[in-house]
Amino acid sequence: MLVSPLHAIVPAGGAGTRLWPLSRASHPKFLLDLTGTGRSLLQQTWDRLLPLTGPERIHVVTGQRHAAAVAAQLRDADVLAEPSPRDSMPAIGLAAAVIAAREPDAVIGSFAADHVIGDDELFHAAVREAVDVAATGKVVTIGLEPTFASAAFGYIEAAERLPGMPTARAVARFVEKPDAETAAAYLATGAFSWNAGMFVTRADVLLGHLERLHPPLHEGLRTIAAAWDTPRRDEVLDEHWPRLTRISIDHAVAEPVSLDGGVAVVPGRFAWTDLGDFASLADTADSDDAVWVDADGFVATRTAQTVSVVGIADAVVAVTDDAVLVTTRAHAQQVKAVPAAWQERGRDDLL
């Protein structure tokens, strides 16, 4: 089977509010080196994708305020700047439409800018199988093997094996984030994987599903893409982008197409985290130096100040030049409320 080279789309958006004050709207987590590798999460994503694509086929979709920083970190990337966030489907669809206008038979894959993956070889093997499956006309997702009954992720239920493919299966259904009891029941069946939001398909297949399911969104993206490599880009983008439906790729395409048997899942057997909060960061990165007295936990400091913790189990402390956060791993998801609370007090400088 002749398969076109893969084009990687990297949506790089969001403020990472659960990692405040390290991650801000002005310098979000994907631009930061949170794991101590010397490379930002975005740069690590680039490094991981490069052997699969080459530099000319990595396309980063980001907000206009971050486009210059992205271009500075990834000098060879194709950076597509969106005027405002409209969720994952318009972002991925924009890149897909632009790529399809340049290369009609392209295979595309969408990979988030803030994932940490433990084994590049296993990741590459899963993506290569996903590309083979995508060439047959399927939308393919890479499902991650659950390591615990998480209520923080969506799940994918696998059905029968696909003929001629090493590990790929049809997708029976996507399910939203469950409660802990339901998640445990999913794991017990052995049929469910975590939905990490990685999708591989032919660009024409994705756009065809959009044309059928969301005609106005499809028309807007095609119109913008037709002008993208012309002097009219900004004019057309400003006119049509605000009208695009705000919707995720899961709700726009993956879920409805799976009901018709059009989605497959390839198991990803590599270690993975999306660094969604301080609990996941503490599991991934080394704690900075601190004094612990009848206490334990994780410290991330971006200043010369010393940190001492007394009498708090599973503590999380984050220190920057202008802010200090103290919480616990159990409350890591609630950190997202902090920036909004400071904004209500007029402290937009902390966002």
Side-chain angles (χ1 to χ4, degrees), residues 6-15 28 30 45 58-64 66-67 78-101 106-115 130 134 137-143 153-156 171 173-177 194-228 236-260 262-265 274:
L6 175 69
H7 285 257
I9 300 170
V10 181
F30 60 84
T45 302
I58 300 179
H59 315 265
V60 182
V61 185
T62 193
Q64 288 180 342
H66 301 129
D78 178 27
V79 180
L80 293 83
E82 53 180 2
S84 60
R86 305 210 59 80
D87 217 324
S88 60
M89 188 68 261
I92 296 167
L94 170 63
V98 170
I99 293 165
V107 175
I108 58 171
S110 174
F111 307 95
D114 57 359
H115 290 180
K138 297 281 190 183
V139 175
V140 189
T141 186
I142 298 176
F153 304 128
Y155 284 75
I156 305 161
V171 168
R173 59 175 173 145
F174 289 83
V175 292
E176 300 289 342
K177 298 175 183 179
W194 283 337
N195 180 6
M198 302 182 197
F199 293 96
V200 179
T201 187
R202 295 198 325 246
D204 65 323
V205 169
L206 180 66
L207 294 169
H209 288 311
L210 281 180
E211 184 175 21
R212 176 173 59 90
L213 297 167
H214 303 279
L217 176 57
H218 172 266
E219 182 180 357
L221 291 171
R222 286 289 203 181
T223 301
I224 294 168
W228 194 262
V236 174
L237 189 62
D238 289 344
E239 178 183 353
H240 291 276
W241 186 262
R243 304 176 186 173
L244 299 183
T245 306
R246 187 188 298 268
I247 190 171
S248 71
I249 189 171
D250 295 81
H251 292 157
V253 171
E255 293 174 5
V257 174
S258 70
L259 300 178
D260 298 327
V263 182
V265 58
D274 68 346

Next item on the list: For H218, enumerate each residue passing the ring pair (Phe, Tyr, Trp, His ring centres under 6.0 Å) test, keeping only those at least two apart in sequence or located in another chain.
Entry: none
Notebook entry, point to check: Mind checking what makes ring pair (Phe, Tyr, Trp, His ring centres under 6.0 Å) contact with F111, not counting sequence neighbours?
Noted result: F123
Which residues pass the side chain to side chain donor-acceptor pair (under 3.5 Å) test with [X], not counting sequence neighbours?
{"X": "H240", "result": "none"}
{"X": "H214", "result": "none"}
{"X": "W194", "result": "Y155"}
{"X": "E176", "result": "H251"}

Check: Taking only residues two or more places apart in sequence, or in another chain, which ones meet A112 in a side chain to side chain contact (heavy atoms under 4.5 Å, CB included)?
Finding: D114, H115
Checklist line | A113: partners by side chain to side chain contact (heavy atoms under 4.5 Å, CB included), with sequence neighbours left out | finding: V10, A12, F30, L42
Margin query: Looking at T245 and P216, would you say the former's side chain and the latter's main chain have a donor-acceptor pair under 3.5 Å?
Written below: no
Check: Would you find a donor on one side and an acceptor on the other, under 3.5 Å apart, between the side chain of T201 and the backbone of A134?
Finding: no
Checklist line | Residues V140, V263; criterion side chain to side chain contact (heavy atoms under 4.5 Å, CB included); working and verdict | finding: CA-CA 6 Å; V140 189; V263 182; over 6 Å; no
Shortest non-hydrogen contact from [X] to [Y]?
{"X": "L94", "Y": "I224", "answer": "CD1-CG2, 3.7 Å"}
{"X": "A97", "Y": "L221", "answer": "CB-O, 3.8 Å"}
{"X": "A100", "Y": "R222", "answer": "CB-NH1, 4.3 Å"}
{"X": "A252", "Y": "L213", "answer": "O-CD1, 3.5 Å"}

Measuring from [X]:[atom1] to [Y]:[atom2], what's the distance to the nearest 0.5 Å?
{"X": "I99", "Y": "I108", "atom1": "CD1", "atom2": "CD1", "answer": "6.0 Å"}
{"X": "T141", "Y": "I156", "atom1": "OG1", "atom2": "CD1", "answer": "4.0 Å"}
{"X": "S110", "Y": "H7", "atom1": "OG", "atom2": "NE2", "answer": "14.5 Å"}

Going by atom type alone, with no hydrogens or angles, which donor-acceptor pairs under 3.5 Å involve a side-chain atom of residues 80-90 and a protein atom two or more places apart or on another chain?
| residue | atom | partner | partner atom | Å |
| --- | --- | --- | --- | --- |
| S84 | OG | W241 | NE1 | 3.4 |
| R86 | NE | L244 | O | 2.8 |
| R86 | NH2 | L244 | O | 3.0 |
| S88 | OG | I249 | N | 2.9 |

Next item on the list: Scan residues 239-255 for pairs that pass salt bridge (charged side-chain N to carboxylate O under 4.0 Å, His left out), counting only residues two or more places apart or in two chains.
Entry: E239-R243
Next item on the list: Give the intermediate values and the outcome of side chain to side chain contact (heavy atoms under 4.5 Å, CB included) for residues V253 and L210.
Entry: CA-CA 7 Å; V253 171; L210 281 180; 3.9 Å; yes
Next item on the list: Could you give me the CA-CA distance, side-chain angles and deciding distance for V61 and I92, then say whether side chain to side chain contact (heavy atoms under 4.5 Å, CB included) is met?
Entry: CA-CA 8 Å; V61 185; I92 296 167; over 6 Å; no
Checklist line | pair F199-L206: side-chain heavy atoms closer than 4.5 Å | finding: no
Margin query: Walk me through whether H66 and V79 qualify under side chain to side chain contact (heavy atoms under 4.5 Å, CB included).
Written below: CA-CA 10 Å; H66 301 129; V79 180; over 6 Å; no
Check: Who are the salt bridge (charged side-chain N to carboxylate O under 4.0 Å, His left out) partners of D238, not counting sequence neighbours?
Finding: none
